[in-house]
Amino acid sequence: MTQPLPVRARASRYRSVGRLLVVRVLGVLAVLLVLSVVIFSLMHLAPGDIVKNLLGNRPTSPEAVAAIREQYNLDDPVWLQYLKWLGAFLVGDLGQSIRLQVPVADAIGQRVGLTLTLCALSFVIAVVVAVPLGVHSAVRAGGWADRTANSLAVLGLSAPTFAVGLLLLYAFAYYLRIFPVYGAGSGGLDTLWHLVLPAVTLALGLGAIVVKLTRTAMIRELESDYVTSARARGIPEPQVQRIALRNAAIPIVTGASLVLTFLVGGTVLAETTYALPGLGTLLQDSVLFKDIAVVQSLTLLVAVVIAVIALLADLAYLLLDPRIRRGALPA
């Protein structure tokens with residue numbers, strides 16, 4: 001007995017979605033593999049000697065240098081070092097930090113909470129402020145509110161993170177003395193208070209992108225035929241705007257999830273500016289010391305996070321927009 005046509009069409013669309021996701025996942029894995037080679041190569045090409053950095057100015061013997069090089073597999077060929085590192089990374093062994101003398105997983109685990117809190121706080125501030133501002137800017141397109149929002153968005157996009165951080169530090173920590181100057185506090189609410197200025201610093205750039213996305217999506221929806229029809233039928237303007245915002249939510253949600261990657265790079269500068277003991281400062285110190293295990297593992301983990309965010313954004317667009325499932329995919 002043959003299946004009804006709608007059932008076959010639905011099964012075909014599901015297979016198409018599955019093939020699309022498989023292709024995206026394989027593409028992400030290929031990019032991560034190439035990136036792991038690039039990261040490993042750049043760290044070995046960078047100037048400096050790990051052994052000298054570890055020993056410092058202390059008098060050393062050839063035997064001590066040889067022992068350190070053997071301990072960290074520095075005498076192996078580069079390709080063998082890469083294979084050993086990648087194989088260990090895939091099974092969860094991130095290696096040993098030469099600078100900190102602790103497992104890399106422990107070094108990352110001690111700092112990841114602060115960085116995640118900073119990213120989450122920045123994202124919440126950006127979305128809560130930027131989405132209403134973008135909607136208001138679209139509704140009042142061409143007015144003073146729209147021009148002001150666009151000017152702020154351009155300023156947020158063009159201003160470097162470290163410059164914004166220094167300006168906020170001078171104004172609200174040094175001059176007005178409202179917020180602490182540096183550090184992560186003693187935990188709990190004190191840590192959140194210390195993270196307010198860094199979070200605002202990151203939220204300015206992220207919020208500028210969200211304002212632009214929201215304004216563009218809302219203007220497109222407000223100029224649609226269904227909005228004109230709704231207004232002609234006498235539907236109140238606030239209700240029309242809510243309907244338009246529901247339809248504009250698809251590009252806003254997917255766009256906001258993609259610009260989360262902005263936070264990953266921005267945290268390095270923000271944590272350095274505010275002297276926060278997070279993953280950004282860990283990466284910076286490890287690069288300066290040429291702590292290869294930490295730099296390789298942390299950079300690749302960040303790349304994995306960015307790739308997963310991008311993949312989830314694609315999936316969200318696929319789930320939120322039925323036109324993709326019905327029309328864009330072959331039946």
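Linking Ile, Leu, Val, Met, Phe, Trp and Tyr whenever their side-chain heavy atoms come within less than 4.5 Å leaves L204 and V154 in two separate clusters. The hydrophobic clustering, which links ILVMFWY residues whose side-chain heavy atoms are closer than 4.5 Å, places Y175 and Y274 together. Note: the hydrophobic cluster containing V31 does not contain F89 (ILVMFWY, side chain heavy atoms under 4.5 Å, direct or indirect links). The hydrophobic cluster containing V196 also contains F123, counting ILVMFWY residues as joined when their side-chain heavy atoms lie under 4.5 angstrom apart, directly or transitively. Cluster annotation: L116 and L94 are assigned to the same hydrophobic cluster (Ile/Leu/Val/Met/Phe/Trp/Tyr, side-chain heavy-atom contacts under 4.5 Å, transitive).
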I'd like a table of donor-acceptor pairs (distance under 3.5 Å, sequence neighbours excluded) in which one partner is a side-chain atom from residues 127-140, with atom names and distances.
unit_1: S137; atom_1: OG; unit_2: D146; atom_2: OD1; d: 2.3
unit_1: S137; atom_1: OG; unit_2: R215; atom_2: NE; d: 3.4

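Within a 6.0 Å radius of CZ in F172, no more than 12 heavy atoms belonging to other residues, nucleotides or ligands are found. Surrounding OH of Y226 are more than 12 heavy atoms belonging to other residues, nucleotides or ligands, all under 6.0 Å away. For L189, the CG atom is loosely surrounded, since the number of other residues' heavy atoms within 6.0 Å does not exceed 12.
E271 places a side-chain N or O within donor-acceptor distance of the main-chain N or O of G280, the cut-off being under 3.5 Å. Judged by distance alone, with hydrogens and angles left aside, the side-chain atoms of T214 form a donor-acceptor pair with the main-chain N or O of V210 at under 3.5 Å.
From L83, atom CG reaches atom CH2 of W85 across 11.0 Å, with rounding to the nearest 0.5 Å. The distance from the CG atom of L192 to the CG atom of L118 is 10.5 Å, given to the nearest 0.5 Å. To the nearest 0.5 Å, atom CG of residue L168 and atom OG1 of residue T201 are 4.5 Å apart. The distance from atom CD1 of I243 to atom CG of L222, rounded to the nearest 0.5 Å, is 11.0 Å. Note that the CG atom of N150 and the CG atom of L155 stand 12.5 Å from one another [nearest 0.5 Å]. Rounded to the nearest 0.5 angstrom, T115 OG1 and L282 CG are separated by 8.5 Å.
Here the closest heavy-atom approach between residue E221 and residue A244 is recorded as CG-O, 3.7 Å. Taking each heavy atom of E237 and R231 in turn, the nearest pair found is OE2-NH2, 2.9 Å. For the residue pair A203 and S122, the shortest heavy atom distance occurs at CB-O, 3.5 Å. Scanning all heavy atoms of the two residues, the minimum distance from P180 to L169 falls at O-CD2, 4.4 Å. The minimum heavy-atom distance between A149 and V211, with the atom names listed, is O-CG1, 4.5 Å. Counting all heavy atoms, side chain and backbone alike, I125 lies closest to V200 at CD1-CG2, 4.3 Å.
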message: Let's go through L206 and L202 carefully: what are the C-alpha distance in whole Å and the side-chain angles of both, what is the deciding distance for side chain to side chain contact (heavy atoms under 4.5 Å, CB included) to 0.1 Å, and is it a yes or a no?
response: CA-CA 6 Å; L206 180 62; L202 291 173; over 6 Å; no
- prompt: Yes or no on side chain to side chain contact (heavy atoms under 4.5 Å, CB included) for T281 and L276, after CA distance, side-chain angles and deciding distance?
  reply: CA-CA 7 Å; T281 51; L276 296 173; 5.5 Å; no
- prompt: What's the verdict on side chain to side chain contact (heavy atoms under 4.5 Å, CB included) for D285 and V294, showing C-alpha distance, side-chain angles and the deciding distance?
  reply: CA-CA 10 Å; D285 295 340; V294 175; over 6 Å; no
field: side chain to side chain contact (heavy atoms under 4.5 Å, CB included) between L279 and T267, worked out
entry: CA-CA 8 Å; L279 296 181; T267 50; over 6 Å; no
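A donor and an acceptor atom, one from each side chain of S41 and Y82, are nowhere located under 3.5 Å apart.
Judged as a side chain to side chain contact (heavy atoms under 4.5 Å, CB included), and not counting sequence neighbours, the contacts of P103 are Q96, D106.
F40 is not listed as a side-chain neighbour of T299, based on a closest heavy-atom distance of 4.5 Å or more.
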